**Q** 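Let me give you the structure first, and then I'll get to my questions.
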There are 2 protein chains.
Amino acid sequence: MANTGSAQTGEYVAGLEKGLAVIEAFGARHPRLTISEAARLAELSRASARRCLLTLQKLGYAEYDGRYFRLTPRALRLGYAYVMSTPLPRVVQPVLETLSERTHESASVAILDAAEIVFIARSTTRRSLSAGIAVGTRLSAYGTATGRVLLSNLTDAALRALIRETAPTKLTPKTVTDTPSLLSEIRNARTQGYAISDEELELGLRSIAVPIRNAVGDMVAAMSLSVQTARMGRAEMVEQLLPALETARRMISAML
Amino acid sequence: MANTGSAQTGEYVAGLEKGLAVIEAFGARHPRLTISEAARLAELSRASARRCLLTLQKLGYAEYDGRYFRLTPRALRLGYAYVMSTPLPRVVQPVLETLSERTHESASVAILDAAEIVFIARSTTRRSLSAGIAVGTRLSAYGTATGRVLLSNLTDAALRALIRETAPTKLTPKTVTDTPSLLSEIRNARTQGYAISDEELELGLRSIAVPIRNAVGDMVAAMSLSVQTARMGRAEMVEQLLPALETARRMISAML
DNA sequence: ATAAAATGTTCGCTATTCGAACAAACGCGG
DNA sequence: CCGCGTTTGTTCGAATAGCGAACATTTTAT
């Protein structure tokens, strides 16, 4: 088989690549997979997919009922190997709770993974909008305040490539999707230090986000507050919520 | 190399096993790893560990600074392949928020992974104890109410084996660690449908948990409320919080 | 500065993993 | 219900990916 991953022979494990592709084939649309389905989604031969699935089953990451494979909770260890190796979720959680309680709005922290943001911590109050967003939820970066902040950390060249690959579509009639406007929004985030998404993700939802930086100044996450548009205007949100976010992010940066 | 995982040849991918062992070697104690450290923790040769780490780097799951490897946010996809393939976190989050707000206590849902519980959803109020527990946090099952509920789903034989392997130690002076007492607590959870941990995980912390079952009656998670011992006695907790938990778990079961 | 220990890298060899071919199961039309 | 085509799952001879012992390099200790 062709050596797909390394310029030099002997520095790559093709079976690992295939197995990880099979794991990633599982998801909301595919909570369970047959051998053929896994092969198709992971772009492997059925024989390869079968060996990977049987290996995952032997190791306890998947279970098999004779036809379908499902991932088991042990698979959480793989994702949480990352989470556990960074202090961020534990550090930010209490700060988010304070922030959410004080502002009476939903507070979140997310990181960038390719063209998506992934929520790693969240706090809501009873009156605030949960919107079914839980830790682990992924959203396209381009339509969210958080995503724009995170994307502002990329070079323009990387941004252009990502936008091209993503081919943004309108999530609401207000979603900005054309490249020059998106680049402009992201550049604004870069210069003013915060970003806003105004009903671009969901009608009635307005968000503001700021970057979270570590001790050496690298952006490691973004933190946001979200409000219902009926409760707060855009200017008010900047005036009232941005200071709270900046206080919170200073607390967090001090702990990283 | 010995075929370690399958009775028949040709049904196992040793490289996948090794790569997953390397991923799991990362964690709170090991946020970054050298080739030798990864080899030692994953019980592999340095050459094997090196190939796995380079493969993870090529695929975007890890980064390398010339000496140390670190996992990247892409590794989250592996854990969330499981989370995304089960609706539980999204379903329970709003219910937990209501439960937490109504009872003024911390509410959590966790699942069992071997001898540990993993928190998959959580809600706290300002007045409640956060205790640094975020989604993804793992605790030994034996010392927690949630763990006892989840363990009650195992057979006595499986329980004995697990307790033997775990070799429970006292987390506080009140932690139950001897096997007959532990088995008794877990059997109580089985018969009465709830479990309590009374300052066994942490002095000053008292918890009560109930099982969450799916439509066919299989236990899929456990949900708990935690209080400060100064605020509520054990009997009061059963009287006041158990009904709220049972209402919440019926709501959840109706959605699964 | 030197030696020992630890860590990282190489490459000949062989056992693992490949996928084409075959076997088994399923679905559909008559 | 049967036959045929399609889809899915399994096998095994062959090719090569991945192995680890040996070596190279770096780090640590004296």
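Numbers restart at 1 for each chain; the letters A, B, ... are given by sequence-line order, proteins then strands. Because the structure is predicted, anything quoted here is derived from the model rather than measured.
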**Q** Just to confirm, is there a sub-4.0 Å distance from OP1 or OP2 of D:dC19 to any side-chain nitrogen or oxygen of B:Ser48?
**A**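 Yes, because at least one side-chain N or O of B:Ser48 sits under 4.0 Å from OP1 or OP2 of D:dC19.
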**Q** Give a yes or no on whether a salt bridge exists between B:Asp65 and B:Arg32, defined as a side-chain N under 4.0 angstrom from a carboxylate O.
**A**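 Here B:Asp65 does not pair with B:Arg32 in a salt bridge, since their nearest N and O are not under 4.0 Å apart.
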**Q** Whole angstroms only, please: what is the CG-P distance between A:Leu41 and D:dT8?
**A**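 For the pair A:Leu41 CG and D:dT8 P, the rounded distance is 12 Å.
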**Q** Salt bridge check, A:Arg77 against B:Glu116: does any charged N sit closer than 4.0 Å to a carboxylate O?
**A**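 Salt bridge: no.
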**Q** Using atom CZ of B:Arg50 as one end and atom C1' of D:dA17 as the other, report the distance to the nearest whole Å.
**A**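 To the nearest whole Å, that distance equals 15 Å.
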**Q** In this structure, are over 12 heavy atoms from other groups packed under 6.0 Å from B:Glu63 atom CD?
**A**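 Buried by this count: over 12 neighbours within 6.0 Å.
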**Q** Could you tell me the separation between the CG atom of A:Leu44 and the P atom of D:dT10, rounded to a whole number of Å?
**A**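 About 16 Å, once rounded to whole Å.
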**Q** May I ask you to evaluate whether A:Lys18 reaches the phosphate of C:dT17, defined as a side-chain N or O under 4.0 Å from OP1 or OP2?
**A**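 Negative; the distance criterion is not met.
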**Q** Let me spell it out: for each of A:Arg67 and A:Gly15, pick the nucleotide of DNA chain D with the closest heavy atom. Which residue's pick is nearer the 5' end?
**A**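 The residue mapped nearer the 5' terminus is A:Arg67.
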**Q** Please give, in whole Å, the distance from C:dT7 P to B:Leu54 CG?
**A**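 It works out to 17 Å between those atoms.
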**Q** Hey, are A:Arg122 and B:Glu97 close enough for a salt bridge, meaning a charged N less than 4.0 Å from a carboxylate O?
**A**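 Salt bridge: no.
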**Q** Please report, rounded to the nearest Å, how far the P atom of C:dA24 is from the CD1 atom of A:Ile35.
**A**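 Atom CD1 in A:Ile35 sits about 16 Å away from atom P in C:dA24.
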**Q** Could you tell me how far apart A:Leu53 (CG) and C:dT17 (C1') are, to the nearest whole angstrom?
**A**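 That distance rounds to 15 Å.
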**Q** Between A:Leu16 and A:Ala47, just flag the one whose closest nucleotide in DNA chain D comes earlier from the 5' side.
**A**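 Between the two, 5'-proximity favours A:Ala47.
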**Q** Select one nucleotide: of D:dG9, C:dT7, C:dT17, the one nearest the side-chain heavy atoms of A:Thr34.
**A**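 So the nucleotide nearest the side chain must be D:dG9.
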**Q** What's the closest nucleotide to the side chain of A:Glu11 if the choices are C:dT10, D:dT10, D:dG18?
**A**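 Selected nucleotide: C:dT10.
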**Q** Tell me: CZ of B:Phe69 to C1' of C:dT7, nearest whole Å?
**A**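 Going from B:Phe69 (CZ) to C:dT7 (C1'), I get 12 Å.
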**Q** From the set C:dT17, C:dT7, D:dG18, return the single nucleotide nearest to any side-chain atom of B:Arg40.
**A**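 The answer is C:dT7, which lies nearest to the side chain.
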**Q** To the nearest Å, how far apart are B:Arg51 CZ and C:dT17 C1'?
**A**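 Whole-Å distance recorded here is 15 Å.
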**Q** For A:Glu37 and A:Tyr68, which I'm curious about, is there any donor-acceptor pair between the side chains at under 3.5 Å?
**A**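 A:Glu37 vs A:Tyr68: no donor-acceptor pair found between side chains.
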